[in-house]
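Remember, it's a predicted structure, so these values are computed and weren't measured experimentally.
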Amino acid sequence: MLSPWLILSLLPLSTLGALEKTRGVPPDLLQKYAPAKSGSWKCLDGSKEIPWDFVNDDSCDCLDGSDEPGTGACPDTYFYCKNEGHIGSLIPSSRVNDGLCEVQCCDGSDEPEGVCPNLCKEVGEMYRRKMAEELKLRKTGSKIRSSYITYAQKEKKRLEGVIENTATEIALREKEYARLKDIADRTESLSAAALAHKQQSPLYLSLLDHSGALKSLQREHQKLVEREKQLSNILDTLRTGYNPNYQDMAVLEAVRGWEYIAGLPHINDVGKDNANDETVSDEEAGIVEDVQEEELEEGMWTKEELEKELGDLLSTDYVSLLMEHDEHVSSPPEESMIFDIASYLPESFLPQYEDFKDTLVSWLAAFGIIKGEEGASADASRARQALQDAENVLNKAKRDRENAEKDLEKLFDPKMFGAEGEWKKLDGTCLEYPSGDYVYELCFFGESKQKPTKGGQTFTLGRFSSWNSSPDVQVGSPEYYSKQLYNRGTKCWNGPERSVQLVMTCGTENAITSVQELEKCEYQFTATTPALCLPVDSNGNGKAGSREEL
């Protein structure tokens, strides 16, 4: 579709005299500035019809001032500068024919011909260079922003994995806690004599013997490993240092035997004919010899299991294991009838019975008839400690799940890390800006500080409180994310609490570009960040941008 200006340029010469009447008319209104066949013209508001000659005659005839688009005769109207080669613009008609060259009218059309030079070519070229540089910056920043969004998606999967795994772990830990609680409760309820009797079971004594044997084997194994290292060093020294010219067959046999066991090449073959040897060794080619592992009988441990898991086995709590065995075989604890009587007595007699029982037990212990409770207390203490450890592990798993759920909820919250999570990557990222005797630091979504460079006190300038809080700014818009507020900093002497207003624009780096103290203890930081660089469309505009007329 041809533009209105191009259509006018194709008009016959007889109508070119009318072009002056369209001076200052915006392109979208050009079709309305044409005379009727009668030679009259109707005001744009339809309130009046005037002769076509009255248009742009420097006299205001229409109530809406539409008859004077190219002069300053009518108040509250606008003049359109074509600015060919650059961008057209509107200026108040009061600035037309005032003898001043307006920056917005680089073609000088707001003044009589010859008053203002036409600079639109130069201005347009500078503008296009600037726009090209800005477009390149926005494209680069947008690419970095996309990586931030990808990071958020990965973080989402990670958090979902943590929630799923901790849910499974919590279920297992709860079962373990219940098991240990049962053991602790039953251990505490056992008398010393009952526990001592259980510890005399053949199973328990056999386990203790196995434990002692394993500890001894572990000690001897460690000694053998150390001796093997020493012997290996001795044989390596013999292999590299012996002289084959002496024909000492005993030494040669020892060297060859060690080479075979250790999988080493013959020492005399190393370095022979290297200059003419074009072959590649298996090691250089990345070929690993397929070593047939020894088959183990069912239940036997591998070398790696012995090295890594034997210690855990040797630290087994055999008392707890004994209690589990007792539960497994459904053998009720064989306690003295003196401790079972309580289950048959009325509640009103229990206090007197408990006093009598305690007195009787203390007499029996004093005369050596029964053993004291010290042993049982120690075992109960160990069982209770194991229960406490299990509870701590269970609570930690629950906290991890709760934290992961909270982090996942905030990840794509427009009021936190953005609808696409593009700000999560910057969470905890700290920026610094040196200025005079101070270094100003700001950690995204954290704390801002003023740190002295020559010694002195560091002041908190505030902690993150919200994004742009202006009521006329929509949550989630680019304007919303262009500002962060940090409040509740260290109180100034005889002044307010320190605070920071962080104003950001699109940039390829996360960096603070300036620091100003607008009011007492109220700071404004300006910064750039790729998180504000929206994707660029085919016209070179961001998603929230609009196409400019060139």
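A distance below 2.5 Å between sulfur gamma atoms is not met by C62 and C74.
Shown are K415, M416, E405; of these, the side-chain contact (heavy atoms from CB on, under 4.5 Å) with K410 is made only by M416.
Shown here are the side chain to side chain contact (heavy atoms under 4.5 Å, CB included) partners of P434, two or more places apart in sequence or in another chain: V439. In terms of the ring-ring contact (aromatic ring centres under 6.0 Å, His included) criterion, Y433 has no residue partners (sequence neighbours excluded). Every residue two or more places apart in sequence or in another chain that forms a side chain to side chain contact (heavy atoms under 4.5 Å, CB included) with K121 is listed here: E125. Under the rule for a side chain to side chain contact (heavy atoms under 4.5 Å, CB included), the partners of F54 that lie at least two apart in sequence or sit in another chain are I50, P51, D57, D61. Listed by chain and number, the residues in a salt bridge (charged side-chain N to carboxylate O under 4.0 Å, His left out) with K143 amount to none (sequence neighbours excluded). With sequence neighbours excluded, the residues satisfying side chain to side chain contact (heavy atoms under 4.5 Å, CB included) with T150 are K154. Here R158 pairs with E155 under the side chain to side chain donor-acceptor pair (under 3.5 Å) rule; sequence neighbours left out. Applying the side chain to side chain donor-acceptor pair (under 3.5 Å) test to D64 and every residue at least two apart in sequence or in another chain returns S66.
Counting only residues at least two apart or on different chains, no disulfide bond (SG atoms under 2.5 Å apart) pair has a member in residues 383-420. Contacts classified as disulfide bond (SG atoms under 2.5 Å apart) and involving residues 107-165 (residues at least two apart or in different chains) are given here: C101-C116, C106-C120. Pairs engaging residues 497-529 under the disulfide bond (SG atoms under 2.5 Å apart) rule: C492-C521, C506-C533 [sequence neighbours left out]. Listed by first and then second residue, the disulfide bond (SG atoms under 2.5 Å apart) pairs involving residues 436-481 are C430-C443 (not counting sequence neighbours).
Ion pair K491/E497 not flagged as a salt bridge, since none of the NZ, NE, NH1 or NH2 atoms sits closer than 4.0 Å to an Asp/Glu carboxylate oxygen. Salt-bridge formation is detected for the pair K424/D427: a Lys NZ or Arg NE/NH1/NH2 atom is positioned less than 4.0 Å from an Asp or Glu carboxylate oxygen. Note on E160 versus K156: salt bridge recorded, some NZ/NE/NH1/NH2 to OD/OE distance being below 4.0 Å.
Note: W467 and Y481 meet the aromatic proximity criterion, with ring centroids under 6.0 Å apart.
Annotation: cation-pi pair R498/F459 present, NZ/CZ under 6.0 Å from the ring centroid and within 45° of its normal.
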